[in-house]
Structures are given as structure tokens and as C-alpha cells.
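This report concerns only the one structure given below.
Since the structure is predicted, the reported quantities are computational estimates derived from the model, not experimental observations.
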Amino acid sequence: MSGSAESPRAWQRMLSGRRLDLLDPSPLDVELEDIAHGLARVARWNGQTHGNHAFSVAQHSLLVEHVAATLMSSATASDRLYALLHDAPEYVIGDMISPFKAVMGGAYKDVESRLQAAIHLRVGLSAQTPARLKKVIKKADSIVAYFEATELAGFETNEAVRIFGRPSGMSADRLDLEPLPTPDAQSRFLNRLNAVLNQVAAA
């Protein structure tokens, strides 16, 4: 026997033609259209939601941006961009439910954090989300997850409160929780992303 086995492929071919290396992702290989396309096709709750369409990570991200901005007294365009992209790595690695993430442990988080850093650098943000903003986004994420759980994913209220906490100052009727067809979710996310990027550039 001669030579060693070929290393397993660690890159993902994107529809833009880019090859995104999952282990060492480059911001140059991150395309906004790929992010929007992927997130619109990744289902929250592993697809276990009511409605004729999956509730996508693209829709979820739009809601988290909205709630995070509501929680802050004066959210900047950059703050909104961090919130909008908080789950952006899932355009490549999918949305694993929290129990499975816990089983996967550090390897998953390491890949996720590298992708997040590359995405942030691609749009002109710091590689890491600022700590004070990370807390706000996490709270917004939990609020949105609570309403997704109770309105779409069949959770009882007491169960959702135990897992996500009870939201205050927010109600389901203030959020657009109607699952969208994939093309609509994709275009809404991409349009919002471009709008916020323009606001960042103008600031």
C-alpha cells in the first residue's frame, strides 16, 4: 500500500459557483444571494410546524431583527445587521435543533463560529458579535422562539415558558408568523439585508 487516503471534502459548492470551505471559510466566498437562498430553504423546528409551507430560518431572522431593535432604545444599522445575520451560518450547515446541538458539542460550535466570522467580515462587521449586543440578540431569539413554539410548533404554553422564558411586552399579533412560500421568504430576506447594508454604508 502506498500513499495516504485522500482527505474528505470540506467545502460546499454554492449556486453562485463559490466553493465555501467549512473548516476555513473565506469572506470572499460568502455571497449574499447564497445566504438568502439557503436560509429560505432551511426549516425551523425540523419542519414540524403548522401551515402549507415550512417556517424558514429566513423568516425567523427577520423577526429576530425586528424584536432586537424593539428591545434596544436606539438600535444602529450595524446592530440590526448583526441581529439579521445571527443564524446566517445555517445557510450552509442547516438548523439543528438545540437538543442535537448539545449532543454534537464543541465541533459543531467551532464550525458555526468560523462561518459566522466569515459572514460578518464579508459585510463589514467585526468577526465577533459585541458582547452587549449578543445578549440582546439572544433575548430576541428566545422571544421569537417562544411564539414560534406556541403558534406554529405545537408547544403548550407552560412548556414553552419553561424552555424559552415568558416574553414581556410582546405578543404574537405583533409578529408575522404566517409561513411564507420559499421564493417570498428568500426575496424578503435579501431585500431587507440589502436595505440594512445600505443604511450601514450611509451611516
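- Between L175 and V67, some side-chain heavy-atom pair lies under the 4.5 Å cut-off.
- Under the 4.5 Å side-chain contact rule for hydrophobic residues, V57 and W45 share a cluster.
- Using a 4.5 Å heavy-atom cutoff, the side chains of L39 and D87 are not in contact.
- Between the CZ atom in R166 and the CG atom in N158 there is a gap of 9.0 Å [rounded to 0.5 Å].
- M14 and L121 fall into different hydrophobic clusters, defined by Ile, Leu, Val, Met, Phe, Trp and Tyr side-chain heavy atoms under 4.5 Å apart, directly or through other members.
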| task | Please step through side chain to side chain donor-acceptor pair (under 3.5 Å) for the pair H37 and E33, ending with a clear verdict. | result | CA-CA 6 Å; H37 183 96; E33 291 79 6; over 6 Å; no
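- Aromatic rings of F55 and H50 (six-membered ring for Trp) have centroids beyond the 6.0 Å cut-off, not under it.
- The backbone N or O of Q48 lies less than 3.5 Å from no partner atom in the side chain of N46, so there is not a single donor-acceptor pair.
- Side chain to side chain, S26 and D29 fail the donor-acceptor criterion of an N or O pair below 3.5 Å.
- The local environment of CG in N52 is sparse, with at most 12 non-hydrogen atoms from other residues, nucleotides or ligands closer than 6.0 Å.
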| request: Apply side chain to side chain donor-acceptor pair (under 3.5 Å) to the pair D34 and S16, showing each step before the final yes or no. | output: CA-CA 7 Å; D34 289 336; S16 63; 2.6 Å; yes
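- Just one residue in the list L197, V196, N191 forms a side chain to side chain contact (heavy atoms under 4.5 Å, CB included) with L193, and that residue is L197.
- The two residues A68 and A140 come nearest to each other via the heavy atoms N-CB, 3.6 Å.
- In this structure, H60 has its ring center closer than 6.0 angstrom to the ring center of H86.
- Checking Q59 against R188 by side-chain atom types alone, no donor-acceptor pair falls below 3.5 Å.
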